[in-house]
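Chain A is the first sequence line, chain B the second, and so forth, proteins listed ahead of strands; every chain is numbered from 1.
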Amino acid sequence: MTLALVLAATLAVACVVAVALPFLQEPEPESDDLVELDEAEMRRLELFEARDRALAALKELEFDHRTGTVSDEDYREQVGPLRREAAAALQALGEVGEGSPIDGRN
Amino acid sequence: MARNASPARLVIALSVAAVLAVFLLYTSIAGGGNPSVSPSELAGRTGAVQLAGVVVGPVTGDAHAGGLRFKLRDIAAKSTTAVAVRYSGSIPDLFKVGRHIVVNGQLERGTFVAQPNSLITKCPSKYAPKKSTSSA
Amino acid sequence: MPELGRAALLVTLGLSLYALVAGAYAAYHGRRRLARSAQNALVASFVSTAVAALVLLSALLRNDFSFAYVARTTSVALPTPYTISAFWGGQEGSLLLWLLILTGFGAAAVSLNRRWARDLIVWVVPVFAAVATFFSFLVVAVASPFVTQPAPPDGAGMTPSLQNPYMLAHPPLLYLGYVGLTVPFAFAMGALLSGRLDERWLIATRRWTLFAWAALGVGQLLGSHWAYVEVGWGGYYAWDPVENAALMPWLAATAFLHSVMIQEKRGMLKIWNVLLVILAFSLALFGTFLTRSGVVNSIHSFTESSIGPWFLGFIALTVAVSLVVVLRRVPLLRSPTKLESPISREAAFLYNNLLLLALCLAILWGVVYPMLSEAVRGESVVLGRSYYDFFLRAFGLPLLLLMGIGPLIAWRRASLRSLATTFRWPTIVALATGALLLWRGAGSSVPGLVAYTFSAFVITTIVMEFARGTRARKALGATSWFGAFTSLIGRNRRRYGGYVVHAAVVLFAIGVAGSSAFDSVAEAKLVRGESMHIGNYTLVYRSLSEHAGANATEIRATLGVRRGDHDLGTLQAGKNAYTIEQQVSNEVGIRSDKLTGEDLFVIAEQIDPNGTVYFRVFVKPLVNLIWLAGLVFLLGSVITLWPDRREQRRLVARASAVGLPATR
């Protein structure tokens with residue numbers, strides 16, 4: 001019975017410490033604000049996602065064409081708009097802020 | 001070719017209509033299911049029902065020759081009505097006196113004549129209640 | 001020691017409550033240290049739950065019958081593996097397992113993602129904590145595993161039918177599935193609450209969802225196999241509410257898994273996706289509720305207990321709150337991309353969503369109908385097998401075909417011309433197969449024939465996809481055909497792993513069609529020496545034997561099996577009479593034909609004292625394809641779950657470009 005109580009007390013204390021840890025480690029921090037992405041960064045994230053989506057779609061079209069799922073005609077029809085979409089996404093990124101060199105070899 | 005409304009709306013509308021049509025088709029062909037009753041509610045009912053209750057002995061007869069005979073009473077022990085049942089067909093493993101079972105059939109001249117092979121037993125309670133509570 | 005268990009669970013409850021309140025406050029006001037504190041609380045709650053779990057496990061292994069739970073679910077004679085499985089065999093223990101997995105998954109999911117998705121995680125923590133609070137409240141106040149009593153000399157033991165390897169694996173796998181669905185739900189809610197509706201919540205939860213879905217699928221198959229060989233009525237699925245309880249969230253999760261691909265590629269169907277994940281999670285909770293409350297007349301009725309109303313209340317609260325949150329964020333969920341054509345791969349995914357949802361809801365309707373009709377008309381009406389079979393065919397067959405059509409349709413807009421080309425070979429093979437089968441007598445069941453024909457279509461599509469892809473990779477410079485094949489799969493794990501899973505579904509469909517649409521049954525009462533016929537088989541009842549086993553008397557009838565001129569050996573079927581538990585179980589005899597996948601299934605229904613046996617025999621064509629499908633499903637799931645370094649690198653590059661910490 002006593003062993004159980006001791007273990008239970010130890011557990012409780014350990015958990016309280018774990019919960020209080022952030023406050024114990026930084027009793028007086030410079031800023032307690034949550035670091036979040038601001039508007040500009042969210043916008044850039046969305047642009048990156050749009051870029052990756054366009055590049056992935058292009059890659060998939062190429063693959064489907066190579067395997068024969070998409071015919072030559074359909075490929076010619078679709079590749080133009082997709083390339084324009086990808087270019088637009090890349091351009092939008094260039095406008096908004098510097099991005100890291102884009103890894104074309106996805 | 002100008003498209004004013006997105007075809008997505010059309011697609012979804014047609015699909016929902018198709019699903020509803022399937023439902024209507026089913027209910028018109030097959031009708032509803034069987035009402036589920038307990039032995040105390042059985043008196044006077046005609047038509048096929050699903051009877052749910054507790055097996056009361058003695059259990060006599062042969063399910064594959066002439067029919068197994070036993071009585072079924074309500075699960076909630078309040079009522080003492082027991083209905084005589086005659087059943088032919090497969091008997092599940094867990095069937096025995098005191099077990100909850102469910103069987104389809106209809107009342108004929110005081111005996112519940114079961115549809116063959118429609119007897120289902122309920123697995124013994126894995127999650128036993130701490131106190132028995134009446135169902136909601 | 002039960003005091004330690006009770007204390008540990010109380011600690012869990014306290015930590016969960018703290019994580020919920022503090023986490024929500026920290027998220028709303030953007031307080032960093034408090035948010036971190038809430039996260040720590042979630043992780044700590046796993047530790048305290050683990051302590052409680054260890055207490056229960058040790059009590060089980062020590063046969064400590066002062067624990068009422070241990071006394072109720074085990075006995076001294078019970079073999080150790082089953083003693084361990086008694087952990088989840090009863091109400092209280094299974095809730096504790098739920099809580100353990102929940103806190104474990106929560107701690108892991110949050111810890112792995114807390115750096116790169118910080119603004120998302122801060123809202124995910126309170127959602128997880130809310131679910132944990134509910135379950136810890138149940139095990140603390142309503143259904144505690146640590147109730148004590150004066151220890152009886154021996155426990156009540158475990159039902160014999162539960163003492164087999166399937167029952168060791170089936171419930172934990174299902175729980176991994178049910179609880180696993182909490183992860184995408186919590187992240188979806190976190191994304192909605194924080195307004196961070198970019199792809200991060202999808203990326204973070206993709207493998208969790210796949211894992212939960214695969215666990216749920218395999219768990220159900222194991223349960224079906226158990227029903228087939230152990231319960232032995234000749235079938236593997238009875239559309240029992242408890243079976244449906246696991247199927248419904250699986251269907252919703254299947255729809256979700258597919259639908260998120262569209263969001264990922266085209267940015268569409270965002271509203272669908274959040275609704276589907278809420279549905280999947282709610283159905284998982286509902287499934288957990290159904291297996292306990294005894295509300296529905298079910299073959300698995302786990303008797304009425306007091307936790308039913310709590311569950312219903314929590315499910316209602318979850319659904320209500322989730323829907324309110326979704327409604328408020330609808331403007332953020334609208335996508336600029338529109339569906340361009342009803343004949344496109346996007347549209348095919350949309351039809352897929354609709355069909356899966358329709359099937360799921362039809363099953364849900366069937367499950368709740370007795371309760372609804374009782375509430376409305378005062379009399380509970382039960383919908384039988386024919387209801388479910390109808391809708392399985394009505395929605396399942398088109399779904400089957402759609403699996404084959406999807407890969408053949410182009411994105412955005414498919415011209416009829418291109419369809420004619422891509423559809424050509426699959427259609428030819430399907431029609432030829434259909435005609436051949438019709439000639440061979442498969443017309444006896446129209447749905448069965450249709451299932452076979454559609455399956456042929458899908459298999460052709462899958463084979464062609466693999467063939468074309470391999471050829472393309474070979475042309476790109478792979479060294480060998482095998483190298484091309486493996487690099488194809490390696491570079492497109494999700495796509496080709498998905499095709500393998502589709503192949504599993506096709507095998508499953510063929511197995512189900514064969515064994516349910518084209519099966520045969522025969523019954524006969526035989527004395528020794530007599531024989532009976534079924535299909536091409538002749539069975540001769542040779543002898544009856546009785547044997548005293550470890551805990552049961554085993555009675556077996558031996559039959560000789562012949563097919564045409566071939567002697568196929570013997571088969572045994574009979575019953576076990578368990579002495580302590582006072583129960584008799586059917587032990588069926590199954591002969592599986594390795595070449596055709598067909599089963600000869602013999603039940604010794606009734607054994608008379610004079611040795612006359614009433615036999616019920618089935619021939620189930622192709623039924624073993626179902627179990628094979630389970631293995632293929634597992635393989636496909638593993639392929640899709642396998643980590644992809646290339647994809648990882650790309651995501652890391654993207655994250656750092658935006659200014660998020662690269663490491664998760």
Could A:R53 and C:D198 be called an ion pair, given the rule that one side-chain N must be under 4.0 Å from one carboxylate O? no

Compare every heavy atom of A:F23 with every heavy atom of C:S37, then report the nearest pair and how far apart it is. CB-CE1, 3.7 Å

For C:L42, which atoms come within 4.5 Å of any heavy atom of chain A: side chain, backbone, both, or neither? neither

Chain C shares the most heavy-atom pairs under 4.5 Å, among A:A8, A:S71, A:C15, A:A54, with A:C15

Go through the steps for C:E199 and A:F48 under the test side-chain contact (heavy atoms from CB on, under 4.5 Å), then give the verdict. CA-CA 11 Å; C:E199 268 180 39; A:F48 270 108; over 6 Å; no

Contact part of C:P2 toward chain A, heavy-atom cut-off under 4.5 Å: side chain, backbone, both or neither? neither

Checking side-chain contact (heavy atoms from CB on, under 4.5 Å) between C:L4 and each of A:L7, A:V6, A:L3, A:L5, which is the one that passes? A:L7

Show your working on side-chain contact (heavy atoms from CB on, under 4.5 Å) between C:R36 and A:L21 and close with a plain yes or no. CA-CA 9 Å; C:R36 190 56 205 274; A:L21 207 55; over 6 Å; no

For C:L419, is it the side chain, the backbone, both or neither that has a heavy atom under 4.5 Å from a heavy atom of chain A? neither

From C:L197 CG over to A:E46 CD, what is the distance, rounded to the nearest 0.5 angstrom? 9.0 Å

Going from OG on C:S418 to CG on A:D74, what distance comes out if it is rounded to the nearest 0.5 angstrom? 4.5 Å

Salt bridge (Lys or Arg N to Asp or Glu O under 4.0 Å) assessment of C:R200 paired with A:E49: CA-CA 10 Å; C:R200 280 178 296 166; A:E49 288 179 359; 5.9 Å; no

Select one option (side chain, backbone, both, neither) describing which atoms of C:A410 are under 4.5 Å from chain A's heavy atoms. side chain

What distance do A:T67 atom OG1 and C:E465 atom CD have between them, rounded to the nearest 0.5 Å? 6.0 Å

For C:W411 versus A:Q78, what's the shortest heavy-atom pair and its separation? O-NE2, 3.6 Å

Pair C:R412 + A:E85: basic N to acidic O under 4.0 Å: yes

Measure the CZ-CZ distance between A:R51 and C:R654 for me, rounded to the nearest 0.5 Å. 7.5 Å

